[in-house]
Amino acid sequence: MERIDKILARQGIASRREVKELIKQGRVTAEGAVVTDCAFKIDEDNCAVTVDGKTVAVKKYIYIMMNKPKGVVSASAGEDKTVVDLVPAELFRKGLFPAGRLDKDTTGFVLITDDGDFAHKILSPKNHVYKTYLARLQRPVPENEMKKLENGITLLDGTSLKGAKVETVEEGEQPLVKIMICEGKYHQVKRMFAAAGSRVLELHRQKIGGLSLDAGLSAGECREITPEELKKITGPVFSDFDNKN
Ligand code: URA
């Protein structure tokens with residue numbers, strides 16, 4: 001249970017001061033009854049709230065799937081345009097940040113949330129939430145080098161990287177390779193393929209855990225993640241590989 005003014009301000013509909021005004025003016029209801037006391041407490045996960053007759057989706061945290069375009073940084077603030085800057089007003093609320101970073105030139109699935117515990121859960125390598133990337137390579141990587149990436153490697157600067165799951169999706173002079181990693185070290189995928197003697201020309205994150213980027217989202221677009229989808233993120237993650245092997 002938490003104060004209604006605090007909860008409403010967190011939903012991003014208005015500032016705390018403005019929310020207090022709305023409440024005092026009798027424009028807010030909870031479970032069908034008008035609330036005029038700003039300190040009135042409601043259950044943030046289960047309470048029907050309206051403002052000016054319109055239902056407000058009250059929830060403690062928000063989880064947003066974005067198809068990150070190139071040229072935007074995975075941060076919540078800074079000089080460059082950030083992924084949080086792209087969140088539309090109806091989904092925006094204070095405290096949003098991207099759970100994990102993609103390079104400025106990487107595209108694809110970024111999860112934006114205000115739930116720090118959840119972010120930690122999906123980012124911590126010990127939880128084995130694999131991130132799936134599609135990498136367009138400058139040249140093919142020999143089979144033995146692919147094996148090394150699968151077994152885990154140590155980079156020349158001493159950075160040790162856990163084993164990845166690697167699969168060629170499209171053969172050719174500049175193959176498309178799918179790679180799954182559960183860590184998020186600096187430029188990790190690019191450095192892995194550099195160590196294997198190639199170069200990443202394009203990088204796209206397709207999946208976090210068991211949840212794929214919605215193909216209906218154009219670059220720069222986002223939408224809320226449903227509770228069912230959220231479960232897929234931390235659920236079984238090897239399904240792609242298990243089905244094949
Ligand atoms: N690995 C990289 O090299 N870059 C990214 O943006 C993500 C993973």
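Atoms within a ligand are numbered from 1 in the order they appear, just like the ligands themselves.
Between Glu150 and Lys147 there is a salt bridge, with a side-chain nitrogen of the basic residue lying less than 4.0 Å from a carboxylate oxygen of the acidic one. The pair Arg136-Glu170 meets the salt-bridge criterion, since a charged nitrogen lies less than 4.0 angstrom from a carboxylate oxygen. Taking 4.0 Å as the cut-off between side-chain N and carboxylate O, Glu21 and Arg16 do not count as a salt-bridged pair.
Contacts with ligand 1 closer than 4.0 Å are made by no heavy atom of Ile181, backbone or side chain. When heavy-atom distances to ligand 1 are checked against a 4.0 Å cut-off, Thr106 comes that close only through its side chain, counted from C-beta outward.
Given atom 4 (N) of ligand 1, the protein heavy atom at minimum distance is Asp103 OD2, 2.7 Å. Of the protein's non-hydrogen atoms, the one nearest atom 1 (N) of ligand 1 is Val189 N, 3.0 Å.
Taking the six-membered ring where tryptophan is involved, the planes of Tyr61 and Tyr63 are perpendicular, since the angle between them exceeds 60° and thus also 30°.
No continuous path of hydrophobic side-chain contacts links Leu217 to Leu134 [ILVMFWY only; heavy atoms under 4.5 Å].
Counting heavy atoms only, Tyr133 comes closest to atom 7 (C) of ligand 1 of the residues Phe193, Tyr133, Tyr186.
Between Arg101 and ligand 1, no N or O atom pair is found at a separation short of 3.5 Å.
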